[in-house]
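Below is one structure, written out as structure tokens; the observations come after it.
Just so we're on the same page: letters track the sequence lines, and every chain starts at 1. Remember, it's a predicted structure, so these values are computed and weren't measured experimentally.
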Amino acid sequence: MKNKDVVDILLKFADVLEFKGEAPFKVNAYRRAAWNISDVEDVEKLWREGRLGDVPGVGKALVEKLDQFFRTGHIRQLDEHLENVPKDLFDLLSIQNFGPKTAALAYKELGVETVDDLRAVVEDGRLANLPGMGPKKVANIKKSLELFETAQKSISIGMAVEIVAEVIAWLQENAGDKIGRISPAGSVRRYKETVHDIDVLVETNDGEAVIELFTQFPKVTRVLGAGATKGSVLLDDRFQVDLRAVPAESYGAARQYFTGSKAHNVKLREIAKKQGFKINEYGIFKGEAKIGGESEERIYHALDMDWIPPELREDRGEIEAAAEHALPELLTLDDIRADLHAHTTNSDGQHTLEELVGMMRRRGYAYMAVCDHSKSVFYANGMDEGRLLEAVEAIRRLNAEMSDFTVLAGAEVDILSDGALDYSDDVLAQLDFVVASIHSAFKQDPTARTIAAMENRYVDVIGHPTGRLISRREGFVLDMDRVMEAALRTGTALEVNSFWDRLDLNDVNVRKAVSKGVKLSVNTDAHHQRHLPMMALGVGTARRGWARKQDVINTFPLDELRRWQKRNR
DNA sequence: GCCGTTTTCGGCCCGACTGTTTTCAGTCG
């Protein structure tokens with residue numbers, strides 16, 4: 001049973017209780033427990049050890065229900081509730097403007113069980129006849145029903161970062177001096193691996209005009225709402241972007257508020273309240289007096305906390321650390337001196353060695369490692385030993401021509417199904433840098449194969465360690481404790497692959513690695529020039545895992561990297 | 001349903017917007 005299964009059932013439970021009109025605080029208790037469980041490493045392990053109750057927000061009643069779930073795959077109380085709710089309750093509740101109260105009314109009075117049922121009663125006018133329903137409410141639900149078909153459920157952080165940059169650049173170009181500061185907010189700013197909508201915050205004294213302008217952005221295909229403080233649009237009928245407009249004196253408070261996460265904000269405001277403050281999107285207040293709001297820093301400082309980097313704001317201990325002035329100094333994009341995993345036309349990359357080196361130099365790196373595929377990965381034009389050694393020679397010649405940049409001759413060598421590597425030690429010994437990755441036979445004991453690869457003295461990094469593809473493929477099942485123990489023992493780094501659909505290791509595993517002292521390597525795995533900026537996604541993911549500069553080998557100057565390699569060979 | 005440096009009972013984050021309403025309920029973030 002994975003964390004996600006447990007989180008899903010608790011969220012469903014909360015939806016059902018809300019539908020049934022249970023007390024909001026009870027509903028919220030289920031949701032809060034779900035959030036907290038999504039952050040633990042392995043909830044099933046906690047259950048086996050009888051430590052479920054250690055998770056914040058999980059008390060006696062939930063321990064009992066989850067115990068049922070682990071033992072039988074069901075929760076009796078939930079099954080009983082489900083006998084008396086619409087068949088497609090969870091789909092129905094995901095429709096905007098159609099909340100639990102309305103759903104309950106439509107179910108009770110009209111027998112609405114499915115999205116199609118809802119569509120029917122909207123069309124024939126029966127929904128409009130219910131008490132409290134007027135023509136505008138029905139029209140809004142009708143609009144939401146259309147979006148239910150097309151709207152994307154989640155957006156990758158890579159896509160979101162590009163969209164947000166485009167929107168901000170366009171507004172800056174077209175709004176002139178109407179706007180001041182402008183920033184991403186929400187989960188994009190926190191570098192969450194997938195986001196539901198994209199939030200942008202802008203400082204202005206003329207919100208109405210700026211939001212009107214925003215609705216003119218060329219990719220807007222639908223305007224969902226536009227007022228003086230908030231505009232909401234759909235780009236290409238798929239991506240929802242919300243713009244919030246606030247005056248300078250509340251820009252910081254709004255930025256704090258709209259960055260979230262919700263769990264972080266709830267806890268922060270609880271603490272503020274206990275200290276006699278009130279925080280909202282306009283500022284921080286002591287009694288009636290506003291004592292801050294212009295800057296985000298001021299909000300945290302007023303509570304005697306250090307400013308908390310957005311990537312940490314998940315209520316995973318960052319609030320307590322900020323209060324103790326013990327937050328880590330996180331890795332930054334500027335700390336990165338090299339990209340240690342990129343491909344050329346020798347395997348499946350789109351650029352030649354010379355082109356790739358030019359691009360890396362323009363990004364300001366001091367060195368890089370070329371790591372093309374090895375021979376077993378035939379679908380990616382993997383190189384046999386002959387071609388590899390020719391490529392190494394070409395790199396040596398190129399290095400001789402450069403004084404300010406170094407290319408490490410490397411390989412992304414496959415970890416074969418029996419745990420052996422795709423090149424012999426004699427060949428690996430001629431390389432400057434070795435990434436080892438699993439690309440096949442995911443079910444054949446990936447833990448043992450990964451550890452076997454780490455035991456090889458020439459392997460520096462394990463590439464995309466879990467093999468997951470976000471929203472497409474679960475990673476293979478790795479025993480992370482054993483892998484990290486071996487990484488520590490053999491002096492092998494684990495990759496934080498920055499490709500938008502990998503982000504592997506993920507934030508939770510990065511945190512675990514950092515806490516154990518395992519080194520990381522944040523790389524793009526670039527196959528094309530347009531992949532190089534994804535370094536920011538890997539850095540964001542590493543920051544979400546509390547990684548510092550000293551945890552990441554490609555922040556080292558080259559001579560330090562070489563000393564690190566030497567110690568571990 | 002959870003939880004305790006205000007509480008083992010009685011609180012639980014806060015506000016905007018919308019639409020339907022003669023003072024508020026529902027939804028959302």
Could you state the atom-to-atom distance from NZ of A/K262 to P of B/dG15 in whole Å?
14 Å
Using the P atom as the point on both nucleotides, what is the distance between B/dT8 and B/dG4, in whole Å?
12 Å
Check: A/N140 side chain, A/N97 main-chain N or O, donor-acceptor pair, under 3.5 Å:
no
Rounded to whole Å, please give me the gap between NZ in A/K136 and P in B/dT27.
18 Å
Using the C1' atom in both, what is the distance from B/dG11 to B/dC17, to the nearest Å?
28 Å
Locate the shortest heavy-atom distance separating A/L93 from A/A103; write the atom from each residue and the value.
CD2-CB, 4.1 Å
Using OP1 and OP2 only, check whether a side-chain N or O of A/T229 sits under 4.0 Å from B/dA16.
no
Of the candidates B/dG29, B/dC17, B/dT20, the side chain of A/P135 sits closest to B/dT20
Rounding to a whole Å, what distance do you find between A/L243:CG and B/dA16:P?
18 Å
Test of ring centre spacing under 6.0 Å for A/H531 and A/F499:
yes
Kindly point out which of B/dT27, B/dC14, B/dG29 is positioned nearest to the side chain of A/P100?
B/dT27
Under 4.0 angstrom between A/Y282 side-chain N/O and B/dA16 OP1 or OP2
yes
B/dG26 and B/dT21: how far apart are their P atoms, nearest whole angstrom?
13 Å
Taking the side chain as every heavy atom from C-beta outward, state whether A/L110 and A/L127 have any atom pair closer than 4.5 Å.
yes
A/W35 atom CH2 is separated from B/dG29 atom P, nearest whole Å, by 13 Å
Could you go through the side chain to side chain donor-acceptor pair (under 3.5 Å) check for A/R189 and A/T259 one step at a time?
CA-CA 7 Å; A/R189 187 170 173 230; A/T259 295; 2.8 Å; yes
Report the nucleotide, chosen from B/dC13, B/dT18, B/dC2, that has the shortest atom-to-atom distance to any side-chain atom of A/N140.
B/dT18
Can you identify which nucleotide, out of B/dT27, B/dT6, B/dG29, has its nearest atom closest to the A/K230 side chain?
B/dG29
Measuring from the side chain of A/R32 (C-beta onward, heavy atoms only), which nucleotide among B/dG29, B/dC13, B/dC17 has the closest atom?
B/dC13
If you measure from the C1' atom in B/dT6 to the same atom in B/dG10, how many Å do you get, rounded?
12 Å
How do A/N280 and A/K137 order along DNA chain B: which one's closest nucleotide is nearer the 5' end?
A/N280
Can you tell me, in whole Å, how much space there is between the C1' of B/dC12 and that of B/dT7?
12 Å
Mate of B/dG26 across any strand shown (Watson-Crick or G-U wobble, both atom pairs under 3.5 Å) is B/dC17
Using atom P in both nucleotides, what's the gap between B/dT27 and B/dT20 to the nearest angstrom?
13 Å
Assign each of A/L93 and A/E270 to its nearest nucleotide of DNA chain B by heavy atoms, then name whichever residue's nucleotide is nearer the 5' end.
A/E270
Please give, in whole Å, the distance from B/dG1 P to A/I9 CD1?
15 Å
Between A/R548 and A/D335 (salt bridge meaning N to carboxylate O under 4.0 Å), is one present in this structure?
no
In whole Å, measure the gap between the P atoms of B/dC13 and B/dC24 for me.
23 Å
Out of B/dG29, B/dT27, B/dC13, which nucleotide sits closest to the side chain of A/Q96?
B/dG29
Check every strand shown and say whether A/R31 touches a base, only sugar-phosphate, or nothing at a heavy-atom separation below 4.0 Å.
nothing
Polar side-chain atom of A/T102 near backbone of A/F98 as donor-acceptor pair, under 3.5 Å
no
Is any side-chain N or O of A/K65 closer than 4.0 Å to OP1 or OP2 of B/dG1?
yes
With heavy atoms under 4.0 Å as the rule, sort A/I95 into base, sugar-phosphate or nothing.
sugar-phosphate
Protein-nucleotide distance (A/L130, atom CG; B/dT21, atom P), rounded to Å:
12 Å
Reckon A/V58 touches a base, only the sugar-phosphate, or nothing at all at heavy-atom distances under 4.0 Å?
sugar-phosphate
So if I take every side-chain heavy atom of A/K273 and compare against B/dC13, B/dG19, B/dA16, which nucleotide ends up nearest?
B/dC13
Rounding to an integer number of Å, can you tell me how far A/K101 NZ sits from B/dC28 P?
12 Å
A/I271 CD1 to B/dC12 P, in whole Å, measures 16 Å
Where does B/dT7 land, syn or anti, given syn is within 90° of 0?
syn
Measuring from the side chain of A/L62 (C-beta onward, heavy atoms only), which nucleotide among B/dT27, B/dC2, B/dG15 has the closest atom?
B/dC2
